[in-house]
Amino acid sequence: MATEPEVPPTTAIATETTTETAIEIETATETATETATETETETATATEPQKQPDDFLLRFCTVCASNQNRSMEAHLVLSAKYPVISFGTGSAVRLPGPSIDKPNIYSFNSTTYDEMYQELKSKDARLYTANGLLNMLDRNRHIKAAPERWQDWKVGVPRLEGSGAIGGGGGEGVKEGVVDIVITCEERCWDAVVDDLTNRNSPMNRPVHVINVDIKDNHEEAIVGGKGILELADMLTQAAKEEREKSDIEGTGFSRGTVDARVPEVLAQWQEKWPNLPALWTVTYF
Amino acid sequence: MAPSSLSVDTQLQQLGEARNLVLRDPGYWPQVLHGTLPIIAGPVIEVRRWGAGFMAETFATPVVDARGKQELALACLDTMLRLLSENESEILKGVLQCSASVYPIIFRHLCSNRNDSDTWNKMVAIKSKILNLWDVAPTSVRICCIKFVQRVILVQSRGITDPRLMDRSEVNLLSVPANHPLLPLSSLDAEAQGLLDRLLSIFHEKRSEPILIVATLNNLAPLVKTRPPLAQKVIAAVLAFNPFAEIPPSISVHDRLVIISFEKAVRALLMNIVRNNPQGSNIGRISQQVARLSQAKSEMNESFSRKRAATSQETEAAKRPKMDKAALQNTTSSIATPSSSQPTATPSLNSMPQIVPRPLTYANLYTLATDPAMISFDGQQLPLDLVLPIVIGSMYSVDQNNFQTAIAAVQARYHASLANPLQPPFIPVAHPIVLTAHESYTMGATSTLAVTIPTLQNKLPERLNVVKQDKQEIEEEEQEGHDEEIQIQLGEFQLPPPQHLSTEHSQHVSLEAMERMFGVIDAFETNSLISRKSRLGVNRLAASNWDREGWIALLIRMATRGCHDNNALQIEHGQSRCLAAAVRERLYNYIIQDFRRRMDVAVAWLNEEWYNDMIKNRSRVGILREPQYQKWMMKVIDSIFPFLEAKDRLFMRMLSEIPEIPPELLCKVKILCLDPDRANLGIQMLHYLAMFRPPVREICVDVLQDLWLNHREVRSQVYKLIQKWRPAVLVEMKNHAGQQTDVAINGNGGVVAASNA
C-alpha cells in the first residue's frame with residue numbers, strides 16, 4: 001500500500017493558497033445556502049427535474065487511496081458548485097512519516113482530520129509543515145470531519161447534517177446518500193470501487209458512472225487534477241442540461257433525456273483537453 | 001396531502017419537504033408514499049417526475065426494511081404501470097429502477113400468496129412493457145432495462161442449492177412452492193433463458209452502444225456467482241467477446257477510451273469471478289483470456305501512439321497547443337486551466353529565449369521550440385513518404401508572419417555564430433528571440449517534420465561533423481530558402497576511409513567486445529535458461545532479442561559457429577589465440593566461476609559444441625579439425641568435479657542434459673564412486689544413465705560390473721543394480737563362490753545372501 005509521497009517544501013505555498021480558497025468557498029456556500037434553501041426542490045435522482053434548469057446538478061463522489069490529498073482537493077474544488085462526497089479505498093489512512101518505513105497510520109471513519117493535524121503538529125511541526133501535510137490536513141478539517149472508507153459507505157443511507165461535510169449544491173450536499181458520478185483518482189482505486197460495487201450486488205438498481213482520472217499522488221498534481229475534475233464535472237453537467245432539453249431523443253420519440261449515454265463521448269472530449277490525466281470509464285449500478 | 005388546486009411550485013415544495021421528512025425519519029416513509037401516490041399518477045408532469053424518482057428511491061433505500069417495502073410494492077403497481085406509458089426518459093428511468101427493485105418483492109409475495117392473480121397480472125404487464133421498451137427506448141433508459149432484465153433472470157432461475165452458501169433473503173425459482181397455479185417453473189425458467197440469450201446477444205451485435213455493452217458486462221457477475229446453471233453460458237459469452245475486435249483504422253481518443261473501458265470491464269468481471277471461486281473449472285480459460293487482453297491492450301496502445309504521431313500535420317498543429325499547455329501546467333502547476341480559445345499569435349522579436357548555451361549544433365541553431373520534449377524529438381524516426389506530405393502541407397499552411405519571424409531569428413543566430421566561430425557556447429544574439437506561445441507551437445509542429453535533402457547533406461563541411469546532424473534543421477533550412485544553403489556550401493565531403501586494422505589490433509578489439517558482452521550478461525536478472533522463452537535450441541536465432549538468453553546464445557554461437565573461417569586461418573598460422581578459442585576459454589571460466597548457477601549456460605554451450613562438431617564432420621570431410629565438444633566438456637567436468645557434494649542433483653542433471661557421454665566421462669564417475677563420501681552420487685549417476693540413456697547403458701553397466709568385481713567396499717550399493725542389469729555376473733560370481741568364500745565372509749548381507757542363494 002503506497003503512502004502519500006513526500007512533497008518538496010515548495011508545495012507548501014501552493015497548498016497554502018488552496019486553504020485560503022477553502023475558507024472563501026466555505027463562506028460562499030454559506031450565503032448560497034441561505035438563498036437556495038428557499039427555492040430548493042428535492043431530487044431523488046440526478047435526472048429529476050427542478051424548477052429552473054440552472055438548478056440542475058449532478059452529484060459527485062471523489063475517491064482516492066487515503067481520502068486525504070487527491071480526493072479531498074477535488075472535493076473542495078467541486079463543492080463550490082456541486083453536491084459532492086469523498087472516500088478512500090485503502091485499508092487505512094497512510095500519511096508520510098519521518099522516514100519511508102515509518103508512515104503515520106490512522107483508521108478511517110474514526111480518526112478526524114483535526115486529531116491527525118494536532119498529533120502531527122505536536123510530533124514535528126517543522127517536518128510536517130515542510131512536507132505540506134499540515135496544510136493539507138488543515139484544508140481537510142475545514143471540509144469534513146474525518147476520512148471515510150469507500151467499502152464502509154452505506155450507499156443510500158441519507159447523509160443529513162450529521163456528516164459535517166461541505167457538500168456543495170446549495171448547501172444540501174448529498175443528502176440522499178447516493179451519487180451519479182464517481183470519480184476515482186488512481187486506477188487501483190477504480191478497480192476497488194468497481195469490484196466493491198459488483199460484490200454489493202446492486203441492491204438499489206441505480207446506474208452510476210465510475211470514471212478514473214489518473215492523478216499522481218502529490219500536492220501539485222492534485223491541484224491540477226482537481227481542476228481537470230472540475231472541468232469534467234462542468235462538461236458532464238452541460239451535457240446533462242442539453243439532454244434534458246431534448247424533446248425527441250435520437251428519433252425515438254422519447255423526450256427529456258439524461259446524461260448517461262453521453263458520458264463516454266464527453267469524457268473523450270475532456271481527455272483531448274487533458275491528455276495528461278488518463279481516463280477510464282464504466283457504468284455500473286449501486 | 002397537497003390538493004391539486006395548489007400551484008405546481010407549492011406542490012413541489014411540499015413534496016420536497018415531505019421527502020426531507022422521510023430522509024430524516026424513515027418511519028414516515030410508508031405514510032408519505034401512500035399519501036403521495038394519488039397525486040403521483042395525476043395530471044401534473046412535474047409531480048409525476050418527482051414521483052417516479054421518489055418511488056425508485058423508496059424501493060432502493062436501505063433504511064426501509066424488506067417487509068415495509070413488500071407492503072408498499074403492492075400499493076405502487078398501478079402507479080408504476082401508469083408511469084410506464086410516459087415518454088420522458090427520466091420518468092421511465094425512475095420507474096424502471098423501481099420495477100427492478102419491486103420484481104423480486106412481488107415474486108416473493110406470490111410464492112406465499114398462491115392465488116393473488118391480480119397482483120401477478122399487473123407485474124406481468126409491467127414486465128412486458130419494459131421488455132418492449134428494451135428495444136426502442138433511448139440508451140439511458142435501456143441501461144435500466146438491462147438491470148431489470150438481470151433481476152428477472154436472477155429471480156426466474158435456480159439459485160445455489162448448497163444450504164451453507166444460500167442467501168435466505170434472495171428470491172429465485174427454488175423459493176417457488178411446487179404446483180404453484182400462477183408460477184409455472186418450466187415456463188419461468190424458459191423465459192429467463194430466453195432473456196439471458198437476448199441479454200448476451202449484445203456481444204455479437206455490430207455497432208452496439210458502448211454504454212450498453214459495459215452495462216451488460218457489469219450485470220453478469222451475480223449471474224455467474226449465484227446461478228450455477230447459467231454460469232457456463234455467461235462465461236462462454238464473455239470469453240468470446242473481444243473488446244479489440246472493431247478497432248477502426250484511424251483510432252480516435254474516443255475509440256481508444258471506449259476500447260480500454262471495454263477491456264477493463266471484461267477484466268474486472270473475470271477477476272471478480274475468479275476471486276469468488278478460485279477453484280472453479282473455468283480458471284484456466286479465464287486467466288488465458290486475461291493474459292490475451294493485456295497483450296492486445298499493449299499492442300493497441302503502441303499502435304495508438306504510432307498513429308497519433310503520424311496523424312496529419314493539421315490535426316497535430318491543432319492539438320499540440322493544448323497538449324503542450326497541459327504539459328506546461330503539470331510542470332509548473334500553473335493555475336490556469338486550458339482555455340478553449342486559442343491565444344492569438346503576436347510574433348515578437350524581443351521576448352525571446354536565446355539559444356541555450358550548448359555546443360553549437362545545427363539542431364541548436366534551428367530549434368525554435370521551447371518544449372523539451374519537442375526538442376528531443378528525432379525527426380528521422382518518421383518515414384520519408386510520411387514526411388514529404390507533412391512538409392508540403394505545413395509549408396502551405398504556415399502563417400507568413402510567424403515564418404518570417406522564425407527565419408529572422410535563425411538568421412540572427414547564424415550570423416552570431418559566424419561572428420564567433422571558435423566559441424563553442426553560443427553567444428546570445430543581439431536581438432534574442434522568443435517565440436510567443438502560439439508561434440513556438442506552430443514552429444514546434446513543423447520542426448517535428450523531417451526531410452532529407454541529399455545535396456545539402458553531401459555538402460556538410462567536415463568541420464561540422466562534430467555536429468550531430470539532425471534532419472529536422474535541414475528541413476527548416478529548406479523552408480527558409482536557399483540563401484543559407486549557398487553560404488555553407490563548402491565543397492564535397494567524404495567520410496575518410498577507416499584505418500587499417502592490424503591483426504593484433506582487431507583481435508584485441510574483438511576480445512574487448514567479448515568482455516563487454518560478458519559484462520552485459522551479468523547485468524540481467526539470472527532467470528535460468530531453463531525457463532527460457534525460446535525453445536528452439538540449436539535452431540534458435542541468436543541475435544533475436546537482447547535479454548540474458550539472447551546474449552548467451554550469441555556468445556555461444558560466436559564460439560561454435562561464428563568464427564570457423566577465422567579458426568582455420570589461425571590454426572594455419574599456428575596461433576592458438578583465435579577468437580573462437582578465446583570465447584570458449586572465457587565461457588569456460590565464466591561457467592566455473594559459479595558453476596551451480598551457470599550450469600544452464602554450460603549445457604547450452606556444450607550442446608552447441610556437439611552440434612557444431614557433428615555438422616563439421618559431415619560437411620568438411622578430410623579437413624583436420626579438433627573436435628571441441630569432448631575437450632571442453634571434460635574440462636568443465638574436471639573443474640567442477642572436486643566441488644561436487646554427496647547429493648548433488650545438479651551434476652546428475654548436467655550429465656543427463658549433455659548430448660554425448662564418452663567412456664572417459666564414465667571413468668570420472670567411477671572415481672566418484674570410489675570416493676567414500678560421494679560414492680552414492682556416482683552410483684546413482686550410473687544407475688540413472690543406465691536407465692534413461694540406453695546408448696550408454698552398456699558402458700555404465702560395464703563400470704558397475706568393474707566396481708562389483710574389483711571394489712569390495714561398494715559392493716553392497718552396487719548389488720541391486722548388477723542384479724537388475726547384469727545378473728549373469730552374479731551367477732558367475734556364485735560359481736566362483738566356493739573357491740573364494742573369503743570374499744563373502746567379510747562382505748555384507750547382500751553378498752552373503754547372494755552367495756548362499
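Keep in mind the model is a prediction, meaning the values are calculated, not measured. A note on names: the letters A, B, ... follow the listed sequences, proteins ahead of strands, and every chain is numbered from 1.
- Side-chain contact of B:Lys147 with A:Ser202: a donor-acceptor pair under 3.5 Å is present, judged by distance alone.
- The contact between A:Val155 and chain B is made entirely by backbone atoms, counting heavy-atom distances below 4.5 Å.
- Each of A:Asp196, A:Asp191, A:Asn199 was scored for a side-chain hydrogen bond (donor to acceptor under 3.5 Å, both in side chains) with B:Asn272, with one residue passing: A:Asn199.
- Atom CG of B:Leu257 and atom CD of A:Glu265 lie 11.5 Å apart (nearest 0.5 Å).
- In terms of heavy-atom pairs under 4.5 angstrom with chain B, the leader among A:Val263, A:Leu230, A:Thr198 is A:Thr198.
- With respect to chain A, the highest number of heavy-atom pairs below 4.5 Å among B:Arg142, B:Lys264, B:Arg256, B:Lys225 belongs to B:Lys264.
- Contacts between B:Ile259 and chain A at a heavy-atom distance below 4.5 Å are absent for every atom of the residue.
- Heavy atoms closer than 4.5 Å to chain B are found in both the backbone and the side chain of A:Val157.
- Here the closest heavy-atom approach between residue B:Leu92 and residue A:Phe254 is recorded as CD1-CE2, 3.4 Å.
- Ranked by heavy-atom pairs shorter than 4.5 Å toward chain B, the options A:Gly156, A:Pro207, A:Ser255, A:Pro278 are led by A:Ser255.
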*Determine, stepwise, if the pair B:Gln97 / A:Met204 fulfils side-chain contact (heavy atoms from CB on, under 4.5 Å).*
CA-CA 8 Å; B:Gln97 286 171 40; A:Met204 304 179 78; over 6 Å; no

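- For the options B:Ile143, B:Ile146, B:Thr61, heavy-atom pairs under 4.5 Å to chain A are most numerous at B:Ile143.
- Residues A:Asp195 and B:Met271 are not in side-chain contact: their nearest non-hydrogen atoms beyond the backbone lie 4.5 Å or more apart.
- For the pair A:Pro203 and B:Ser101, the tightest heavy-atom approach, listed with the atom from each and the gap, is O-OG, 4.5 Å.
- At a threshold of 4.0 Å, the pair A:Arg206-B:Glu57 does not count as salt-bridged, since none of the basic side-chain nitrogens sits closer than that to a carboxylate oxygen.
- The two atoms that bring B:Ala100 and A:Asn205 nearest to each other are C-ND2, 3.4 Å, heavy atoms only.
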*Stepwise, does the side-chain contact (heavy atoms from CB on, under 4.5 Å) test hold for A:Trp281 with B:Ile211?*
CA-CA 10 Å; A:Trp281 154 86; B:Ile211 187 168; 3.9 Å; yes

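- Distance alone, capped at 3.5 Å, places no donor-acceptor pair between the B:Ser261 side chain and the A:Thr282 backbone.
- If you measure heavy-atom distances from A:Pro264 to chain B, the contacts under 4.5 Å come from both the backbone and the side chain.
- When the candidates B:Val63, B:Asn219, B:Val258 are compared by the number of heavy-atom contacts under 4.5 Å with chain A, B:Asn219 comes out ahead.
- Note: B:Val214 leads B:Val22, B:Asp255, B:Thr139, B:Val214 in heavy-atom pairs under 4.5 Å with chain A.
- Listed here is the closest heavy atom pair of B:Val253 and A:Ala268: CG1-O, 3.8 Å.
- More than 12 heavy atoms of other residues, nucleotides or ligands lie within 6.0 Å of NZ in B:Lys297, so this atom counts as buried by the packing criterion.
- The closest donor-acceptor contact from the side chain of B:Ser89 to the backbone of A:Arg256 lies under 3.5 Å.
- Judged purely by atom type and a 3.5 angstrom limit, B:Asn218 uses its side chain to pair as donor or acceptor with the backbone of A:Val283.
- In this structure, chain B has heavy atoms under 4.5 Å from both the backbone and the side chain of A:Leu267.
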